[in-house]
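Notes for the one structure printed next.
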Amino acid sequence: VLSCSCLSDLREDDAPPCTAENKPVIESQCNVLKSDKFKACHNLVKPEDFIQICIYDMCQYDGMKSTLCDIVQVYVDTCRNHGITIKWRNSTFCPLPCPTHSHYTDCVSTCPSTCNDIFASSLCEKTEECTEGCECDDNYVLSNGKCVPLSNCGCRDDDNNYYSVSSLWSKSLAEK
């Protein structure tokens with residue numbers, strides 16, 4: 001189990017570079033880590049240090065939303081390392097854009113089904129470890145990094161060699 005902890009740095013020059021008008025807004029955004037959504041982890045991973053880092057970084061980068069999302073991601077990952085999974089992203093808060101024919105999930109298989117191995121995810125060694133990410137929609141599998149309809153996948157011959165639909169198509173044309 002990987003755990004990170006930082007000692008407080010109380011140097012005077014460590015005050016967040018916020019303006020008077022943006023600091024309350026940024027503090028309010030960073031305090032999301034104190035919300036009920038993250039409560040299951042509060043006893044194991046105290047949010048206060050993460051909130052201070054969040055405030056500092058968001059002030060440093062003029063309230064850039066991706067900074068907030070990055071800090072929340074680190075907190076969630078730390079919680080996951082302690083056995084707590086938190087579903088925290090949604091379409092309005094730090095959405096994770098997914099390619100066509102896929103969707104976000106908080107616990108995606110580390111060995112997804114592909115055209116080359118459509119049973120990979122069901123035969124994959126089941127572990128407690130997972131990560132958030134994009135997963136192909138039903139009846140779609142990965143092929144060259146894209147989710148394609150299962151019907152677009154090729155087949156295997158008696159020697160277990162895989163042939164894509166395009167290679168089968170060009171082979172059948174060449175034989176005519």
Side-chain angles (χ1 to χ4, degrees), residues 1-4 29-30 32-33 35-45 47 50 53-54 57-58 61 63-176:
V1 174
L2 179 64
S3 179
C4 298
Q29 291 173 331
C30 292
V32 71
L33 288 174
S35 71
D36 286 347
K37 186 175 285 200
F38 303 94
K39 192 175 187 175
C41 190
H42 287 168
N43 288 336
L44 293 169
V45 181
F50 291 86
I53 293 166
C54 177
D57 287 357
M58 290 222 13
Y61 297 105
M64 192 165 59
K65 285 281 193 244
S66 62
T67 305
L68 171 65
C69 298
D70 290 345
I71 296 291
V72 173
Q73 180 66 62
V74 171
Y75 183 79
V76 168
D77 289 344
T78 305
C79 291
R80 184 176 289 127
N81 289 338
H82 285 82
I84 306 290
T85 300
I86 298 172
K87 188 170 183 157
W88 62 282
R89 291 185 190 268
N90 61 41
S91 60
T92 57
F93 185 71
C94 300
L96 188 67
C98 289
T100 308
H101 305 299
S102 67
H103 58 278
Y104 168 80
T105 180
D106 59 327
C107 187
V108 70
S109 171
T110 54
C111 44
S113 296
T114 64
C115 276
N116 194 28
D117 188 356
I118 59 171
F119 300 110
S121 62
S122 59
L123 299 174
C124 183
E125 186 178 321
K126 299 292 181 205
T127 64
E128 293 298 314
E129 290 185 36
C130 65
T131 185
E132 68 173 351
C134 299
E135 180 176 74
C136 290
D137 296 338
D138 287 345
N139 297 314
Y140 285 81
V141 294
L142 277 178
S143 179
N144 297 322
K146 295 179 180 171
C147 293
V148 300
L150 199 50
S151 59
N152 285 12
C153 289
C155 58
R156 293 188 173 279
D157 64 15
D158 292 339
D159 295 324
N160 206 28
N161 295 311
Y162 176 75
Y163 297 94
S164 66
V165 170
S166 59
S167 70
L168 291 171
W169 178 253
S170 57
K171 187 177 180 181
S172 69
L173 287 176
E175 290 172 357
K176 289 187 178 189

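Residues: numbered from 1 along the sequence shown.
- Taking every heavy atom of both residues into account, Val32 and Val72 meet most closely at CG1-CG2, 4.2 Å.
- Looking at every heavy atom in both residues, Gln73 comes nearest to Trp88 through OE1-CZ2, 3.3 Å.
- Closest heavy-atom contact between Ile84 and Cys41: CG2-CB, 4.1 Å.
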Side chain to side chain contact (heavy atoms under 4.5 Å, CB included) assessment of Phe38 paired with Val45: CA-CA 10 Å; Phe38 303 94; Val45 181; over 6 Å; no
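- We find the CG-OG1 distance between Leu96 and Thr105 to be 10.5 Å, quoted to the nearest 0.5 Å.
- Under the rule for a side-chain contact (heavy atoms from CB on, under 4.5 Å), Asp158 has no partner lying at least two apart in sequence or in another chain.
- By the 4.5 Å heavy-atom criterion applied to side chains, Cys98 and His103 are not counted as neighbours.
- Taking CG of Leu33 as the reference point, atom OH of Tyr75 lies at 6.5 Å (rounded to 0.5 Å).
- Atom NE2 of His101 and atom CG of Asp138 lie 13.0 Å apart (nearest 0.5 Å).
- For the pair Lys37 and Asn90, the tightest heavy-atom approach, listed with the atom from each and the gap, is NZ-ND2, 3.9 Å.
- In this structure, Cys147 and Leu142 approach most closely via the heavy-atom pair SG-CD2, 4.1 Å.
- Atom OG of Ser35 is separated from atom NE2 of His42 by 6.5 Å, given to the nearest 0.5 angstrom.
- Expressed to the nearest 0.5 Å, how far OH of Tyr140 lies from CG of Asn152 amounts to 8.5 Å.
- In this view, Asp77 and Arg80 satisfy the salt bridge (Lys or Arg N to Asp or Glu O under 4.0 Å) rule, not counting sequence neighbours.
- When all heavy atoms of Ser113 and Val141 are compared, the closest pair comes out as O-CB, 3.7 Å.
- Around the OH atom of Tyr61, the shell of radius 6.0 Å holds no more than 12 heavy atoms that belong to other residues, nucleotides or ligands.
- Separation of atoms CG (Asp117) and SG (Cys153) is listed at 10.5 Å; rounding is to 0.5 Å.
- Under the salt bridge (Lys or Arg N to Asp or Glu O under 4.0 Å) criterion, no residue pair touches residues 63-73, with sequence neighbours excluded.
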